[in-house]
**Student:** 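Quick one: structure below, then a few questions.
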Amino acid sequence: MSVSDSLFARALQLIPGGVNSPVRAFRSVGGAPFFVKRAEGAHLITADDRTLIDFVCTWGPAIHGHNHPRIRAAIATALENGTSFGTPNPYEVEMAELIVRFVPSIQKVRMCNSGTEATMSAIRLARGFTKRDKIIKFAGCYHGHSDSLLIKAGSGALTHGNPDSAGVPASFARETIVLPYNDRGALDAAFAANPGQIAGVIIEPYCGNVGFIMPDAGYLEYLRKVTSEHGTVLIFDEVMTGFRLAKGGVQELEHITPDLTTLGKIIGGGLPVGAFGGRADIMDHLAPLGPVYQAGTLSGNPLAMAAGIAALRLLDEENPYARLDALGRQLREAVLDAAKAKGIALQCPQRGAMFSLFFTATPVRDYATALTGDAALFKKFFHTCLDHGVYLAPSPYEAAFLSTAHAGADLDRACEVMAAAIRAL
Ligand code: KE4
């Protein structure tokens, strides 16, 4: 029995499904998850000493690769002074100043401990600010696991066939309107049917939890126009895309100014962090200034802030986005060329350091078309890649991530392995 298998057997006794987050469980691709004991650069080193080229990047945070010396040193320095103070600390101020500088739509920001907390708090803030109850989300978008947002959710919820989680009261679900992504007519109809009742619209401006899907030209502008007309708070969930596709995220690429933005992943440098911020007139409704309560024992934790500050400073110094896009294009071309030669239908949407593969001839532009992807082909592709040392997310409904550490031999090797895996289908 491998070390991973024996660890998994023990984990299954004590942890539901043997994992602390469902998407890690390999349930949609089959087989058992491997355990990782170390990560370095573009590599994961498993408990059985296999070295894998990693395209999950701990689900987004590791844009500089794993275990970056600058991030490790920043944590070590902070650690000299203790792990948590429960009081304001200097790192929080520096983090806030970096976020506000990177993302101009954010005038004020509140730190929390996960993307889920960030989106849950942003929804509550939009409701408190507008004194309305209903929110709009989009099928396939995943915003973490708070009750109002686990409706037609993506990521692990979609992967495991429960996009509408049990345990969410019908009374909660009724306040969440779910629309198709990229559908202006559905948006107009929802606002017409709920005049003056919609507190907020939350969207992944580029979807990363139903595979990677980008908006039709003009869609985000239309969303901004309609939400402004109705006094509805527009929330860009950039937990995944923030600082990954540009220093200012998708809102920089698309020149859209949302009212609120949620963040996470990269700003923690691999430690638990979330954040939400935006217009000061909205943010000032938060306690202790205003009536919307939100809190967290470890919010602004000094170790997490130090790690995130180091990660953001590296982005400032290296500005790696053009390089990351070139790596993404190299990989996209390799898989599309292989699929064409094999005569297999494949979509490979890619922008910067994010991409995904849909085995379908149907252009993927929303939840419904994402589901036309051949999951059986993806499963075979996933395992062939893994057998040859390349690790993709164990689900067809996730985005893949590149880091600056992938450049060179690792990316060349990954292109060869993925192309060969397609030829073997
Ligand atoms: P967390 O609570 O997992 O930190 O963040 C929730 C979240 C919110 N918004 C977006 C756009 C997200 O992608 C996420 C979390 N992403 C998933 C990966 N698709 C996390 C992986 C997992 O659930 O284990």
Side-chain angles (χ1 to χ4, degrees), residues 103-110 118-144 146 148-149 151-154 174-207 209 213-242 248-263 275-286 290 292 365-367:
V103 190
S105 70
I106 296 180
Q107 296 169 332
K108 286 195 176 179
V109 62
R110 170 65 58 87
T119 57
M120 173 181 70
S121 307
I123 292 294
R124 184 182 311 133
L125 180 56
R127 285 170 161 156
F129 176 71
T130 60
K131 296 183 179 53
R132 302 173 182 175
D133 293 338
K134 291 193 183 302
I135 59 161
I136 288 174
K137 78 174 286 289
F138 297 88
C141 285
Y142 177 74
H143 305 289
S146 64
S148 292
L149 293 168
I151 320 282
K152 268 281 180 290
R174 274 197 293 274
E175 302 301 342
T176 301
I177 300 163
V178 182
L179 301 179
Y181 184 78
N182 269 328
D183 185 332
R184 296 189 191 198
L187 190 70
D188 291 339
F191 274 96
N194 299 277
Q197 297 172 56
I198 299 174
V201 170
I202 186 166
I203 190 167
E204 290 182 68
Y206 289 6
C207 301
N209 287 291
I213 301 178
M214 289 178 276
D216 294 345
Y219 177 71
L220 294 176
E221 286 83 355
Y222 191 72
L223 193 60
R224 176 66 283 180
K225 173 177 169 294
V226 170
T227 47
S228 296
E229 284 166 358
H230 291 271
T232 293
V233 176
L234 177 58
I235 304 166
F236 270 17
D237 179 356
E238 298 223 46
V239 165
M240 188 183 274
T241 55
V250 168
Q251 57 196 272
E252 177 187 306
L253 296 176
E254 299 284 345
H255 311 292
I256 304 278
T257 302
D259 300 309
L260 295 178
T261 299
T262 54
L263 300 166
F276 60 105
R279 280 170 38 192
D281 64 318
I282 300 177
M283 292 298 288
D284 284 351
H285 279 67
L286 278 175
V292 180
R365 54 189 298 282
D366 58 16
Y367 179 90

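Note that the coordinates shown come from a computational prediction; the quantities given were computed from them, not determined experimentally.
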**Student:** Show me, pair by pair, the donor-acceptor contacts under 3.5 angstrom made by side chains of residues 194-203, not counting sequence neighbours?
**Tutor:**
from: N194; atom 1: ND2; to: A190; atom 2: O; distance (Å): 2.8

**Student:** Can you tell me which residue pairs pass the salt bridge (charged side-chain N to carboxylate O under 4.0 Å, His left out) test with a partner in residues 131-140, sequence neighbours excluded?
**Tutor:** K134-E175
**Student:** Can you sort out the partners of E254 under side chain to side chain donor-acceptor pair (under 3.5 Å), two or more places apart, ordered by chain and number?
**Tutor:** Y206
**Student:** Considering residues at least two apart in sequence or located in another chain, which fulfil the ring-ring contact (aromatic ring centres under 6.0 Å, His included) criterion with F129?
**Tutor:** H285
**Student:** Nearest 0.5 Å please: distance from the CD1 atom of I135 over to the CZ atom of R124.
**Tutor:** 12.0 Å
**Student:** Holding to side chain to side chain donor-acceptor pair (under 3.5 Å), I want the full list of residues that pass it with S148, two or more places apart in sequence or in another chain.
**Tutor:** R127
**Student:** What pairs with A118 under side-chain contact (heavy atoms from CB on, under 4.5 Å), at least two apart in sequence or on another chain?
**Tutor:** C112, T262, F276
**Student:** Roughly how far apart are L286 CG and L125 CG, rounded to 0.5 Å?
**Tutor:** 4.5 Å
**Student:** Quick one: list whatever passes side chain to side chain donor-acceptor pair (under 3.5 Å) with Q251, sequence neighbours left out.
**Tutor:** S105, E238, T261
**Student:** Sequence neighbours left out, what passes side chain to side chain donor-acceptor pair (under 3.5 Å) with R224? Give chain and number order.
**Tutor:** T227, S228, D259
**Student:** Run the salt-bridge test on E221 and K225 with the 4.0 Å N-O cut-off and return the result as yes or no.
**Tutor:** no
**Student:** What salt bridge (charged side-chain N to carboxylate O under 4.0 Å, His left out) pairs are there with at least one residue in residues 179-203, not counting sequence neighbours?
**Tutor:**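 Of all non-adjacent pairs touching residues 179-203, none passes salt bridge (charged side-chain N to carboxylate O under 4.0 Å, His left out).
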**Student:** In Å and rounded to the nearest 0.5 Å, what is the CD1 to CG distance from I256 to L223?
**Tutor:**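 Reported to 0.5 Å precision, the distance equals 8.0 Å.
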**Student:** Applying salt bridge (charged side-chain N to carboxylate O under 4.0 Å, His left out), name anything that partners D216, two or more places apart in sequence or on another chain.
**Tutor:** R365
**Student:** Would you mind reporting whether L263 and I106 have side-chain heavy atoms less than 4.5 Å apart?
**Tutor:** yes
**Student:** Less than 4.5 Å apart, any side-chain heavy atom of T119 and any of Y142?
**Tutor:**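 No. Closest side-chain heavy atoms not under 4.5 Å.
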**Student:** Find out whether K108 and D284 are in side-chain contact, i.e. whether some heavy atom of one side chain is under 4.5 Å from a heavy atom of the other.
**Tutor:**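 Sidechains of D284 and K108: in contact.
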**Student:** Show every ring-ring contact (aromatic ring centres under 6.0 Å, His included) that has at least one partner inside residues 216-242, sequence neighbours left out.
**Tutor:**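 Checked against ring-ring contact (aromatic ring centres under 6.0 Å, His included) - neighbours excluded - the pairs reaching residues 216-242 are Y181-Y219, F191-H230.
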